[in-house]
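Remarks on the structure that follows.
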Amino acid sequence: MDEIKELVTDIKNRKLKPIYFLMGEEPYYIDKISDFIEDTVLTEEERGFNQMVLYGRDVSIEDIVSNAKRYPMMAEYQVVIIKEAQDLSRTIEKLAAYADQPQPTTILVINYKYKKIDKRKSLYKALKKTGIIYESKKLYENQVSDWIRRVLSPKGYSITPKAAQMLVEFLGTDLSKINNELEKLQIILPKDRQITPEVIEENIGISKDYNNFELRKAIGERNTLKAHKIVNYFAENPKDNPMVVTVSLLFNFFSQLLHYHGLKDKSPRSVATALRINPYFVNEYVTSARNYPMRKVSAVIAVLREFDVKGKGVGANAVPQGDLLKELLVRILN
């Protein structure tokens with residue numbers, strides 16, 4: 001986040017570089033930076049003659065260089081933005097010669113999503129000298145809840161830990177999808193309103209009672225009745241609750257629980273740091289560790305591996321996923 005703030009501040013202050021190479025697994029910030037340059041560097045009047053957006057599938061490196069070498073018309077700069085530049089991955093290294101001596105009056109923005117260029121090769125070395133390389137890394141699941149809070153806070157909103165976790169479990173770590181849902185909530189809700197599980201359920205359609213977060217908690221507490229209710233709900237609504245997601249989340253939970261058992265320092269702060277979880281959830285792990293000794297945790301992980309394979313159709317082709325989930329729950333709780 002600090003790197004992005006610094007980059008945005010420099011652009012605002014007209015401390016511009018001739019090339020911005022935006023790469024990496026997380027497209028959200030690549031789009032944000034590219035859009036900011038597109039909307040900020042030139043005035044509305046200047047954009048007509050001096051700003052162009054090209055797509056990697058439609059152009060060659062030679063086309064990009066040719067456009068980048070043009071001079072601006074009645075403006076200090078021209079802006080050339082290449083979207084979906086990962087489609088040029090086989091030939092991207094040819095850009096090294098231009099990157100070594102870029103046109104100073106051109107701002108060339110390369111959106112190279114889901115991939116990275118080789119740091120040992122000429123292009124990377126040239127870009128380090130003359131331009132900006134920004135690598136947008138995928139956030140881990142345990143980092144996304146904090147990201148949600150950081151996004152909402154400047155806009156006057158807060159969110160409960162459970163509500164944030166519900167979004168992560170339902171939408172995964174795709175920041176663009178999460179941001180889209182947060183923007184919808186900001187349209188509906190007045191400022192200074194806290195986003196709660198009830199708000200998520202009413203406006204996004206994620207059940208506050210029947211979700212993987214509540215299932216994990218019920219299993220950790222050995223609340224058999226509640227766990228079976230949730231799994232039965234999942235079995236009746238398989239499209240909204242795919243087994244592969246449930247097994248993956250439970251596997252991560254029990255893997256963290258195994259890590260917890262191995263910790264020497266089990267103070268709340270130390271546990272939160274070691275497991276990379278919000279301190280709000282530490283008590284859940286303390287309770288679960290009492291209910292699942294280390295040997296039982298290891299056995300559950302083995303069962304989850306077995307059902308992960310079955311859920312993907314290996315050795316259980318004719319068994320409905322809802323039935324597999326019910327069997328899995330019995331195996332975990334017994």
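Position 1 is the first residue of the sequence, and the numbers go up from there. Below, each value reflects all heavy atoms present in this structure, side chains not excepted, and no hydrogens, waters or symmetry copies.
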* To do: Would you sort out whether Gln78 and Gln103 count as a side chain to side chain contact (heavy atoms under 4.5 Å, CB included), showing the intermediate values?
  => CA-CA 10 Å; Gln78 71 154 342; Gln103 180 78 6; 5.8 Å; no
* Would you please test Lys113 and Glu84 for salt bridge (charged side-chain N to carboxylate O under 4.0 Å, His left out) and show each step? => CA-CA 7 Å; Lys113 295 178 181 178; Glu84 310 300 336; 3.8 Å; yes
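- For the atom pair OG of Ser145 and CZ of Arg150, the computed distance is 10.5 Å after rounding to the nearest 0.5 Å.
- For Asn232 (side chain) and His228 (main-chain N/O), a donor-acceptor pair under 3.5 Å exists by modelled atom type.
- Residues Asp31 and Lys83 are not paired through a salt bridge, judged by the lack of any N-O separation under 4.0 Å between the basic side chain and the carboxylate.
- Heavy-atom neighbours of Lys296 NZ from other residues, nucleotides or ligands within 6.0 Å: above the threshold of 12.
- Pairing each heavy atom of Arg47 with each of Thr40, the nearest pair is NH2-N, 4.4 Å.
- Cluster annotation: Val297 is connected to Ile332 through the hydrophobic network of ILVMFWY side chains, with a link wherever side-chain heavy atoms come within less than 4.5 Å.
- Note that CG of Leu250 and CE of Met243 are 9.5 Å apart. Values are rounded to the nearest 0.5 Å.
- If you run side-chain contact (heavy atoms from CB on, under 4.5 Å) between Val79 and each of Thr106, Ile107, Leu108, only Ile107 comes through.
- Residues Ser60 and Asp63 bring a donor and an acceptor atom of their side chains to less than 3.5 Å of each other.
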* Could you walk me through whether Tyr77 and Glu46 pass the side chain to side chain contact (heavy atoms under 4.5 Å, CB included) check? -> CA-CA 9 Å; Tyr77 295 104; Glu46 292 171 335; over 6 Å; no
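- Between Tyr112 and Phe21, the angle of the ring planes lies from 30° to 60°, which puts this pair in the tilted group.
- No salt bridge links Arg305 with Asp308; every basic N to acidic carboxylate O contact stays at or beyond 4.0 Å.
- Listed for the Arg222 side chain is a donor-acceptor partner under 3.5 Å among the backbone atoms of Leu333.
- By the 6.0 Å and 45° rule, Lys32 does not stack over the aromatic ring of Tyr29.
- A distance of 5.0 Å separates CD1 of Ile148 from CG of Leu167, quoted to the nearest 0.5 Å.
- No chain of hydrophobic side-chain contacts below 4.5 Å, direct or via other Ile, Leu, Val, Met, Phe, Trp or Tyr residues, connects Val300 to Val245.
- Taken to the nearest 0.5 Å, the CG atom of Leu189 stands 13.0 Å off from the NZ atom of Lys155.
- Judged purely by atom type and a 3.5 angstrom limit, Glu3 has no side-chain atom pairing as donor or acceptor with the backbone of Glu135.
- For the residue pair Gly172 and Ile178, the shortest heavy atom distance occurs at O-CD1, 3.4 Å.
- A donor-acceptor pair under 3.5 Å is formed between the side chain of Gln321 and the backbone N or O of Gly311.
- For the pair Lys229 and Tyr210, the cation-pi test (distance below 6.0 Å, angle within 45°) is failed.
- Closest of all the heavy-atom pairs between Met294 and Gly262 is CE-N, 4.0 Å.
- In this structure, the side chains of Lys116 and Tyr124 stay at 4.5 Å or more apart for every pair of heavy atoms.
- Side-chain contact between Leu263 and Asp265 is absent, with no heavy-atom pair separated by less than 4.5 Å.
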* To do: Test Ile219 against Tyr292 for side chain to side chain contact (heavy atoms under 4.5 Å, CB included), laying out the working first.
  => CA-CA 10 Å; Ile219 289 173; Tyr292 295 88; 3.3 Å; yes
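- Remark: side-chain polar atoms of Gln256 are paired, donor with acceptor, to backbone N or O of Leu275 under 3.5 angstrom.
- The shortest non-hydrogen separation linking Ala99 to Leu123 is CB-CD1, 4.0 Å.
- Here the closest heavy-atom approach between residue Asn50 and residue Leu42 is recorded as O-CD1, 3.5 Å.
- Between Lys226 and Glu214 there is a salt bridge, since a side-chain N of the basic residue sits under 4.0 Å from a carboxylate O of the acidic one.
- If you take CD1 on Ile200 and NZ on Lys162, they are separated by 11.0 Å, rounding to the nearest 0.5 Å.
- With hydrogens and angles left out, the side-chain atoms of Thr196 and Glu198 include a donor and acceptor closer than 3.5 Å.
- The backbone N or O of Lys266 sits nowhere less than 3.5 Å from a side-chain atom of Ser270 that would complete a donor-acceptor pair.
- The two residues Asn67 and Leu54 have their closest heavy-atom pair at ND2-CD1, 3.8 Å.
- In terms of hydrophobic clustering, with Ile, Leu, Val, Met, Phe, Trp and Tyr side chains grouped at heavy-atom distances under 4.5 Å, Ile187 and Ile195 are assigned to different clusters.
- To the nearest 0.5 Å, atoms CD1 (Ile230) and CG (Leu325) are separated by 11.5 Å.
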* To do: Could you give me the CA-CA distance, side-chain angles and deciding distance for Leu328 and Leu304, then say whether side chain to side chain contact (heavy atoms under 4.5 Å, CB included) is met?
  => CA-CA 8 Å; Leu328 170 62; Leu304 286 165; 3.9 Å; yes
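- No donor-acceptor pair under 3.5 Å is formed between the side chain of Arg276 and the backbone N or O of Gln143.
- Without hydrogens or angle criteria, Asn291 side chain to Gly220 main chain gives a donor-acceptor distance under 3.5 Å.
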* Asked: After noting the C-alpha distance and the side-chain angles of Asn111 and Ser34, does the key distance pass the side-chain hydrogen bond (donor to acceptor under 3.5 Å, both in side chains) rule?
  -> CA-CA 7 Å; Asn111 295 345; Ser34 179; 3.1 Å; yes
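- For the residue pair Glu183/Asn179, the side-chain donor-acceptor check at 3.5 Å is satisfied.
- Aromatic rings from Phe213 and Phe281 are positioned such that their centres are separated by under 6.0 Å.
- Judged by distance alone, with hydrogens and angles left aside, the side-chain atoms of Thr273 form a donor-acceptor pair with the main-chain N or O of Arg269 at under 3.5 Å.
- In this structure a side-chain-to-backbone donor-acceptor pair under 3.5 Å is missing from Asn237 to Asp240.
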